Amino acid sequence: MEFPQHQKPADGKITYPPGVKEITDKISNDEVVKRLKMVVKTFMDMDQDSEDEKQQYLALALHLASEFFLRNPNKDVRLLVACCLADIFRIYAPEAPYTSHDKLKDIFLFITRQLKGLEDTKSPQFNRYFYLLENLAWVKSYNICFELEDCNEIFIQLFKTLFSVINNSHNQKVQMHMLDLMSSIITEGDGVTQELLDTILINLIPAHKNLNKQAYDLAKILLKRTVQTIETCIANFFNQVLVLGKSSVSDLSEHVFDLIQELFAIDPLLLLSVMPQLEFKLKSNDGEERLAVVRLLAKLFGAKASELASHNRPLWQCFLGRFNDIHVPVRLECVKFASHCLMNHPDLAKDLTEYLKVRSHDPEEAIRHDVIVTIINAGKKDLNLVNDQLLGFVRERTLDKRWRVRKEAMMGLAQLYKKYCLHHEAGKESAQKISWIKDKLLHIYYQNSIDDKLLVEKIFAQYMVPHNLETEEKMKCLYYLYACLDPNAIKALNEMWKCQNMLRSLVRELLDLHKVPVSEANSAAMFGKLMTIAKNLPDQGKAQDFMKKFNQVLGEDEKLRAQLEQLISPTCSCKQAEVCVREITRKLTFPKQPTNPFLEMVKFLLERIAPVHIDSEAISALVKLLNKSIEGTADDEDEGVTRDNAIRYGLELLKVLSFTHPTSFHSAETYESLLQCLKMEDDKVAEAAIQIFRNTGHKIETELPQIRSTLIPILHQKAKRGTPHQAKQAVHCIHAIFHNKEVQLAQIFEPLSRSLNADVPEQLITPLVSLGHISMLAPDQFASPMKSIVANFIVKDLLMNDRSVGNKNGKLWTCDEEVSPEVLAKVQAIKLLVRWLLGMKNNQSKSANSTLRLLSAMLVSEGDLTEQKKISKSDMSRLRLAAGSAIMKLAQEPCYHDIITPEQFQLCALVINDECYQVRQNFALKLHLALVKLLLPLEYLAVFALCAKDPVKERRAHARQCLLKNISVRREYIKQNPMAHEKLLSLLPEYVVPYMIHLLAHDPDFTKPQDFEQLRDIKECLWFMLEVLMTKNENNSHAFLRKMVENIKQTKDAQAPDDPKANEKLYTVCDVALFVIVNKSTACHLESPKDPVLPTKFFTPPDKDFVNDKEYLSSEARTVLLTGKPKPTAVLGAVNKPLSVAGRRPYTKAPGSETGSNVSGNSEPSSPAGNRGRDVSMESSGTGASENEENPVMVVKSDAGKKEVNSEAGQGGVRKRGAGVAPAADSENAGASEGTTATPPAPNKPRRGRPPKSLSAGAGGAGSAEKEGGGAGRGRKRALPAQDSTSSPTVEPITIKIPKQQKDSDAKRAAPQRQMDLQR
């Protein structure tokens, strides 16, 4: 396009405004400036309508664009010329007086250069520069350049100039004119070139943004103003870079993600076409590229006002997919983003939850850690931002395998608890939402790691009951926290105080050793204490070294010892403890180091032993809170606790603290409050109060006579007529705190012993408890009077008589409230016998032998000692448990352990296989607790091997945990006690193997040494124990085990040395044990470190002339044990179908003199045996009756499909009075579902002891039970009198012939009756 031609004046002469002389290069600069100012004034005053003047000054306008002016070195001249030119463009608009494109380009580049003067607002010429800018913007002079081919160069220069000069000294008008000037170029042009776009976008890059914030703001507003026009250009740029990968199109290509973030923050519309391109980039094969896009989108989605997730769902879903990216940094970035997203966009929490759930189980520790940080940070900002599911993920991670993750989860939950539950920052509703945190945190104290325990202690002291609170506030916090905890959390808290108290005792003992002269024994004892203390600190290896160093410092610094003495003193207050810790720490700080691991370790110790919560003042505050609860003036309801619970748990709390801080209780005020509790109706409250007196009242008699005179009659009353627990505590309390205990106990003993009446069992229980504990605590005084009571009343009148008929509901267990008073009295009578014997601690009168025979008879008779069939099944279960526990209790006393025969030991052991779930559970728990305290002989550890046969998975798992714990305790005890090496026979866990082998050889289920199913059972039991023992091959223990089993084969069974069958069973079990050891260990063939010693009570001394090299396992048996016999399909589907001939065996009579002579009818591979798996769902077992002409037997179908027979001979040679045994049902429908009600239950009573494992095997012998013999059963039950099948599932054994037809019809009517009790 050609610019219009302006005619020059005809004479070519330049006309200047009036008073202005000619401007040439001949005059000075000052004169040029002076004349130009007048020209500027003239052009300023002119407007576009002055046609004459425009024509008049046309030559001047052209002259001002000459090289003389455009390239003038004088700054003022150039400025004045630029102002003139700007006005000329205004006056002559829309056509410019300049025709040459080159001239126009020079002019605009000249004007652009002058705009740099805007930078200095303090310059005297700034107003002229501003005028220049204003004029250009108002007229849009630069739009003339659109016609120029290289206009882009001018625009780029202009934009660069304006962005470079803008600064914080400019007012809004300057910025507005710049925006007008630039936006007109963008909006009115044909498009924005990439170079021009770069000049705008470069100001958004973080580096430039930080250098010139005003340029960033200018670019930001410019982009907002021109969004409609520039969006296409921006989209094209990102398309080139992101999709086509042409990074060369712009120097800004490497900053593409920064630009997207900035543009999105300015106006999301700028990226309308760009967002889909990011979805493409999210799926890139390059992990680093995906990471960059994820980082970008995390910022876009997480921005506070961002609506990107709702406006662009496909991109959001694609982004969420990156939570599962294979590249770890990408997943990590996603998790970090989630925190901002939860805080800024709670509505997206639902979308994030599922992805965070997966990431909370990520194999990468850092990602699991950051999931916790994400959720906790959001929760700390506002608990409503995190749902229960997200908090659940944090809860799970408290058990993470990595300490860093566990610590983060625990600390996070602790912070939430303190903020919302302790300080109630968000009201009661939020506090209720996370009320589970307190329990969960304390449950972690059950973990084995010392780090976990220490962190729980720290959390408790800083977040749950902050130690820096005032005493009243602190105790109120503890008082109500304790009342709200669940039972397991309470146990954990009690254990925590117990551990801290134990550690205080160790430090006290260590300090006592410093007071005695140095000796070798003293040094050894000191070393033992230090090692035990180190076990209670993190990083045991370093802890041992640091404790040795600390002990050395203690030996050298008497003042330090004094400070430590004061810290662990029972009278040390919490405030004094803080001072002591500070002083000890200060003494150990020198020399100062950036990190001092020794000091950190000592701090750990001091934190554990310092009394930060409990002192005399604290106990007093707790008692006042308890008084308020009793009076009804406390804030119990406001704290979410009922008044009764506040009193009960408050007293329980005091009871626990009375064990760990007894000295803090010694005040009249405290004891007065406890006396009030003794008078309350709540039994547990009174019981706890008595126990507190027992633990803390040692000085009552001498220092508080008023309390003593009030307390004595109350204790007497509780011992005579209180609850059993109160009676026990009252007797112990009298024994513990009074000097004239003999007189006091006699005043209780005599009236109680005279008033015993078996006809009123309800009033018998408490007296029996009191008498038992009195005879145990004061045996010298009461052992003799008790003997006549035991003989005449306890045994003859109470235990050997059944006065009432039990509830025949068929249940194996009932709750405590439903147990008949007579049975409760019998249970207490058994306990009395044990306590009496434990008090005497000798067997001179042979009373222990009589008691053990009585207890054995109780087990043999299933709990029905009188065999009058009056006792219910549930009551019999209680008595079996009491008898088994009693034998186990007596075994804890060496003088009684020696007289317990192997047969009695085996009877006791079999209680762990009782048919009643609760009996098994309670017995196993008592067994574990006694073993873990090293109170029971090692042989009782072998009892856990029988748990392999328990049908309930949880019971087997519990037994395995008990084994692990016991073995660990014994190994640790041997390490820590040098003297223990002399008693290895009773301590070394490996020595349990001979006892286990002997016990399994006498297992009543093990009747046929070559029966594959029975051998598999034996193998299971052996491996149950050996698996734990053989976890590590310490000191070549595998070879030791092998040698021990081989040695057993060279001996005989001491229980029946001349019985070839008993010895064969023993050697078979040995071979199975060797088979297991050899197959599970490659190191067992090495030389044994030492020759094992076998217990003479169970094995005869080896005979030099006897060499036993026989293999008792056939090759087929070995194959079965190694590979497992293919298990036949269950026969439940084959009900009412005749069995094949191959599945039958001819019936043979069992002579009464043989124990277990009837072999399993289904031992052959062809027999239709049921699945031997321990499917817990198969909980019932059908039983069938089979009558012999002379010797009635009981057939029991176990899950193995066996029919096992109980002959009249008692287990282990204990014969029973009479020849009766319990019959069992025999029906083709024995394996039917429990829900079947079509047929009435058959009267039956299965063997006691090992419970059946599966219902499926019940059908194994259907239809052929009359003709088959079964495997030997327990052999210690009598038959019960026949009763109506609806009232009791028992029947009198039939010893006459019955026509087969009648038997068949009876069998068909029979249904499963005796069920396996699998309650949890």
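Since the structure is predicted, the reported quantities are computational estimates derived from the model, not experimental observations. These values consider heavy atoms only, across backbone and side chains, with no hydrogens, waters or symmetry-generated copies. Note that the numbering runs from 1 along the sequence shown for the chain.
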Report task. Compare all side-chain heavy atoms of Val581 with those of Glu607 and state whether any distance is below 4.5 angstrom. Result -> no
Query raised in the report: Is there a donor-acceptor pair closer than 3.5 Å between any side-chain N or O of Asn203 and the backbone N or O of Ile200?
Result: yes
Query raised in the report: What is the minimum heavy-atom distance between Val335 and Thr374, and which atoms define it?
Result: O-OG1, 2.8 Å
Query raised in the report: Can you tell which of Phe337, Phe319, Phe323, Phe393 makes a ring-ring contact (aromatic ring centres under 6.0 Å, His included) with Tyr355?
Result: Phe323
Query raised in the report: Side chains of Tyr445 and Glu457: do they bring a donor and an acceptor to under 3.5 Å?
Result: yes
Query raised in the report: For Lys535, does the NZ atom have more than 12 heavy-atom neighbours from other residues, nucleotides or ligands under 6.0 Å away?
Result: yes
Query raised in the report: So do Val373 and Ser339 actually touch side chain to side chain, heavy atoms under 4.5 Å?
Result: no
Query raised in the report: What residues, two or more places apart in sequence or in another chain, satisfy side-chain contact (heavy atoms from CB on, under 4.5 Å) together with Val227?
Result: Asp267, Leu269, Leu270
Query raised in the report: Does some side-chain heavy atom of Lys438 sit less than 4.5 Å from a side-chain heavy atom of Tyr417?
Result: yes
Report task. Return the minimal non-hydrogen interatomic distance between Leu385 and Ala378, and the atom names on each side. Result -> CD1-O, 3.7 Å
**Report entry** Ion pair Arg395/Asp439, N-O distance below 4.0 Å
**Finding:** no
Query - Verdict with reasoning, Trp497 to Phe460, per side chain to side chain contact (heavy atoms under 4.5 Å, CB included) - result: CA-CA 11 Å; Trp497 282 326; Phe460 183 80; 4.2 Å; yes
Report summary line: Value for CG (Asp370) from SG (Cys334), rounded to nearest 0.5 Å, stands at 11.5 Å
Query raised in the report: Are a donor atom and an acceptor atom from the side chains of His661 and Asp615 found within less than 3.5 Å of each other?
Result: no
Report task. Over all heavy atoms of both residues, which pair between Gly379 and Leu416 is shortest? Give the atoms and the distance, please. Result -> C-CD2, 3.7 Å
Query - Side-chain donor/acceptor of Arg368 to backbone N/O of Pro363, under 3.5 Å - result: yes
**Report entry** Minimum-distance pair of heavy atoms, taken over all atoms of Leu455 and Met410
**Finding:** CD2-CE, 3.6 Å
Query raised in the report: So with a 6.0 Å cut-off around CD of Glu365, is the heavy-atom count from everything else above 12?
Result: yes
Query raised in the report: Is there a side-chain contact between Lys224 and Leu179, using heavy atoms and a 4.5 Å cut-off?
Result: no
Query - Side-chain (Lys453) to main-chain (Gln447) donor-acceptor, under 3.5 angstrom - result: yes
Requested in this report: Calculate, to the nearest 0.5 Å, the distance between atoms NZ and OH belonging to Lys380 and Tyr420 respectively.
Outcome: 9.5 Å
Report summary line: In short, His424 meets Ala431 closest at the heavy-atom pair ND1-CB, 4.1 Å
Query - Lys418, NZ atom: more than 12 neighbouring heavy atoms under 6.0 Å - result: yes
Query raised in the report: Less than 4.0 Å between a side-chain N and a carboxylate O, is that true for Arg290 and Asp286?
Result: no
Query - Pairs where residues 296-309 contributes a residue and the test side chain to side chain donor-acceptor pair (under 3.5 Å) is met, not counting sequence neighbours - result: Glu307-His311
Query - Short side-chain donor-acceptor distance under 3.5 Å, Glu396 and His361 - result: yes
Query raised in the report: Parallel, tilted or perpendicular: which describes the rings of Tyr649 and Tyr482, with under 30° parallel and over 60° perpendicular?
Result: perpendicular
Query raised in the report: Going by distance alone, is a donor N or O of one side chain under 3.5 Å from an acceptor N or O of the other, for Tyr479 and Ser629?
Result: yes
**Report entry** From CA spacing to verdict: side chain to side chain contact (heavy atoms under 4.5 Å, CB included), Thr660, Leu657
**Finding:** CA-CA 5 Å; Thr660 55; Leu657 295 175; 4.1 Å; yes
Requested in this report: Quickly, which of Leu201, Leu204, Leu223, Ile205 forms a side chain to side chain contact (heavy atoms under 4.5 Å, CB included) with Glu262? Name it, please.
Outcome: Leu204
Query raised in the report: Does some side-chain heavy atom of Leu315 sit less than 4.5 Å from a side-chain heavy atom of Leu282?
Result: yes
Report task. Give a yes or no on whether a salt bridge exists between Lys220 and Asp217, defined as a side-chain N under 4.0 angstrom from a carboxylate O. Result -> no
Query raised in the report: Would you find more than 12 non-hydrogen atoms of other residues, nucleotides or ligands less than 6.0 Å from Arg313 atom CZ?
Result: yes
Query - Spacing of Ile202 atom CD1 and Leu259 atom CG [to the nearest 0.5 Å] - result: 9.5 Å
Query raised in the report: Ignoring hydrogens and geometry, is there a side-chain-to-backbone donor-acceptor pair from Arg397 to Arg406 under 3.5 Å?
Result: no
Report task. Under the salt bridge (Lys or Arg N to Asp or Glu O under 4.0 Å) rule, what do Lys283 and Asp325 come out as? Steps first, then yes or no, please. Result -> CA-CA 10 Å; Lys283 297 172 183 175; Asp325 197 285; over 6 Å; no
Query raised in the report: Counting distance only, does the side-chain N/O of Tyr446 pair as donor-acceptor with the main-chain N or O of Asn488 below 3.5 Å?
Result: yes
Query raised in the report: So, the side chain of Thr226 versus the backbone of Thr229: is there a donor-acceptor pair under 3.5 Å, distance only?
Result: no
Requested in this report: Begin with the C-alpha distance, continue with both residues' side-chain angles, and end with the deciding distance and a verdict on side chain to side chain contact (heavy atoms under 4.5 Å, CB included) for Leu622 and Glu617.
Outcome: CA-CA 9 Å; Leu622 279 175; Glu617 189 182 349; over 6 Å; no
Query - Derivation and outcome, side chain to side chain contact (heavy atoms under 4.5 Å, CB included), residues Leu422 and Tyr463 - result: CA-CA 8 Å; Leu422 215 56; Tyr463 295 92; over 6 Å; no
Query raised in the report: Would you call Glu652 and Lys655 a salt bridge, using N to O less than 4.0 angstrom?
Result: yes
Query raised in the report: Got a donor-acceptor contact below 3.5 angstrom from the Asn387 side chain to the Leu390 backbone?
Result: yes
Query raised in the report: With side chains defined as the heavy atoms from C-beta onward, is the minimum distance between Cys341 and Leu352 less than 4.5 Å?
Result: yes
**Report entry** Phe301 ring center within less than 6.0 Å of His345 ring center
**Finding:** no
Query raised in the report: Is there a donor-acceptor pair under 3.5 Å between the side chain of Arg608 and the backbone N or O of Asn536?
Result: yes
Query raised in the report: Is there side-chain contact between Val456 and Leu441, with at least one heavy-atom pair below 4.5 Å?
Result: no
Query raised in the report: Between Lys357 and Gln389, do the side chains contain an N or O donor and an N or O acceptor separated by less than 3.5 Å?
Result: no
Query raised in the report: How many angstroms lie between CG in Leu297 and CG in Leu320, if you round to the nearest 0.5 Å?
Result: 10.5 Å
Report summary line: Distance col, row Lys542:NZ vs Leu537:CG, nearest 0.5 angstrom, shows 13.5 Å
Query raised in the report: Just by modelled atom types, is the Ile630 backbone N or O under 3.5 Å from a matching donor or acceptor in the Arg643 side chain?
Result: yes
Query - Heavy-atom side-chain contact between Asn212 and Phe163 under 4.5 Å - result: no
Query raised in the report: Measuring from Cys421:SG to Leu383:CG, what's the distance to the nearest 0.5 Å?
Result: 8.5 Å
Query raised in the report: What are the two closest heavy atoms between Cys574 and Ile614, and how far apart are they?
Result: SG-N, 3.8 Å
Query raised in the report: Donor-acceptor pair, Lys213 side chain versus Asn210 backbone, under 3.5 Å?
Result: no
